[in-house]
Amino acid sequence: MLYFYRGKNRHKGSDLENCPGSSGRHQLVPGRKDITATANRMPPLGLLSIAAYLERAGHAVSVVDCLGPDALSGADPNARRILGEAPELVGFSTTTAGFLDAYGIASRIKALSPDTPVIFGGVHVSALGGPLLHHFSAIDYLCMGEGERTLTDLAAGMPMETIAGLVWRDNGRAVTNPPREPIADLDSLPFPAYEKLTGFPKRYHLPLFSYVQAPGATMVTSRGCPYQCSYCDRSVFKRSFRYNSAAYVYTHMRYLRRRFGIRHLNIYDDLFTLNRRRIIELCDLLAARPLGIQFNCAVRAGHADDELLNLLKRAGCLMVSLGIETGDTDLMSVHKPGVHLEEVRDTVKRIQAAGLRAKGLFMMGLPGETEASIQKTSDLVLSLGLDDMNMSKFTPFHGAPVWRTIHEQGQLEEDWRRMNCLNFVFLPEAIESREVLDQLYNTHVKRFYSDPAWRRKIRRRTWEHRHSFWRLLRDLPSFLSAMRTFEPKNPYASAASLRLTVEWGEYRLF
Ligand code: B12
């Protein structure tokens, strides 16, 4: 029996104050109620892919989603729950923000059952590797990069030194085996084991207002990205672009529709349209044999011509996201080389002309950011006439190119729990303080959601978004208490301001 756990970054009660990356604070955003799982709960695809792969190899696997609907709180209850299934191996999947809480549970497991082996994988582990074994004694193994085959080799009992991609201990010393070749044929992978999630799909949900039909799910149809955006952590899939064929993606979508009744998919590929031919084939399949599924996906400026956009629309695409990040040309050339503002403006126009919604993804607080560059970004956001927007707080990750020089470009508080793009852990040199940055963030994000043109657009979509509004009403107390903490001096005076604030909060939080 193998047991998998997705590390979250929101429970209290672990004792990790002296570990690297820990400030001892435990909240997602200090002082604010965490409603992320209420507003946005999605299947952990990495774990589900590994679970399906292991089962195909003959192992019994359980998956616990600690952001799932029946998640337990605290390290001890989680450890006991896991040990209750008498696992032969326990695996944890975490990002940087979730690592320490996952480690808290791993430590408890080791305290209660010292012989149960524990392996960690995911992006944070893949970026840091060996040194983690030195600092975190409750971890026995690390998986660098893709986990399907590495874990299957470990579960099969292969000798440690022969397992590519594994980091292990030999007489207390961390040994890093040679890296594993990436899986060349992604069509050889089984579909993720969605059925292992308690409450899927009904109790999982996509971000509010990002879909029309429910239930929803997520999908990743390619791995790797050849571009070099400064902030992007590609420790797992690296630069080589591999992808599922159009036929595989179509069959996967049909499976989700038939078995789970899925009606909307958020496709989270880093660069969905990089292989144009594949997308054309997929759109043709979806148009010829519709599945009753809508989807959202992300494109990059330069990879979204009119023909492709029209085909996406015909195939059921609702919204296309575009990573824009900044309105400052100098920052753009450093952090997103190869993308130009004119191209961005043109792409947004063409997305909307094809009848698709355009969502812009931005960042604030990048190295080199100034109040003037923030103003430029804010002006750009408003001028684009977007349907949706996400402004995240720039967070440098160990596996991102920007990490190499981050300490020379401002002040960094390396507190892994808060490295979740909801906190300004990094302060660029030209900005006075984190408080100033937070204030600028609030002002400019609110500016977008106060824009009358945007509000008219949203008002026209009220009926389309009835499922999101129903969710909002159902969880109103949680949303209200979270939102109040965003704007303490401005309690919600009217239904309109409530909607604005909820929309605003939604985009800031998720
Ligand atoms: C989809 C997605 C999300 C979804 C999450 C859906 C979900 N339930 O998991 C949403 C939108 C909610 C989200 C949120 C966030 N995300 Co996100 N997200 C992604 C994205 C685009 C795809 C993840 C995915 O499903 N990949 C496909 C699966 C198959 O790959 P995988 O998860 O990496 O798993 C493989 C290996 O890592 C390994 N592995 C993983 N776990 C384990 C465990 C074991 C035991 C083993 C052996 C192996 C192993 O094997 C797996 C199969 O090969 C990635 C970028 C990317 N391309 O991966 C960013 C990414 C993971 N996200 C990132 C970030 C920053 C965030 C947020 C902090 C940002 C925010 N505030 O919104 C939050 C944090 C969420 C959290 N709880 O930690 C960063 C993480 C950087 C870091 N070092 O932490 C990434 C890498 C983006 C980037 N390039 O910078 N995200």
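Start at 1 and go down the list; that is how both ligands and their atoms are numbered.
Ring centroid separation for the pair F394 and F426 comes in under the 6.0 Å cut-off. For Y141 and F120, the distance between ring centers is not under 6.0 angstrom. Close placement of the Y248 and F191 rings is indicated, their centers lying within 6.0 Å of each other. Under the 6.0 Å cut-off for aromatic ring centres, H303 and Y227 qualify, their centroids lying closer than that.
Of the candidates C421, G145, P207, G145 brings a heavy atom nearest to atom 38 (C) of ligand 1. Considering each of P182, G147, G224, the one bringing a non-hydrogen atom nearest atom 50 (O) of ligand 1 is G147. Evaluated by nearest non-hydrogen atom to atom 76 (C) of ligand 1, the leading choice among L45, I267, T95 is T95. For the residues G46, A127, P192, the heavy atom positioned nearest atom 34 (O) of ligand 1 is part of G46. Residue D270 holds the heavy atom nearest to atom 55 (C) of ligand 1 of all those in D270, T218, N40.
Contacts between R223 and ligand 1, counted as non-hydrogen atom pairs separated by less than 4.0 Å, involve the side chain only. Contacts between Y268 and ligand 1, counted as non-hydrogen atom pairs separated by less than 4.0 Å, involve both the backbone and the side chain.
Heavy atoms of V236 come nearer than 4.0 angstrom to ligand 1 in at least one pair. The closest approach between any non-hydrogen atom of P44 and ligand 1 is below 4.0 Å. For C232, the closest heavy-atom approach to ligand 1 falls below 4.0 Å. Using a 4.0 angstrom heavy-atom cutoff, E148 counts as in contact with ligand 1. The closest approach between L67 and ligand 1 falls below 4.0 Å for a heavy atom of the residue.
Using a 3.5 Å distance cut-off with no hydrogens or angles, the side chains of H467 and Y211 do pair a donor with an acceptor.
Among the candidates T96, T95, T94, the single residue satisfying the side chain to side chain contact (heavy atoms under 4.5 Å, CB included) test with W416 is T96.
Here the side chain of N423 pairs no donor or acceptor atom with the backbone of V425 at under 3.5 angstrom.
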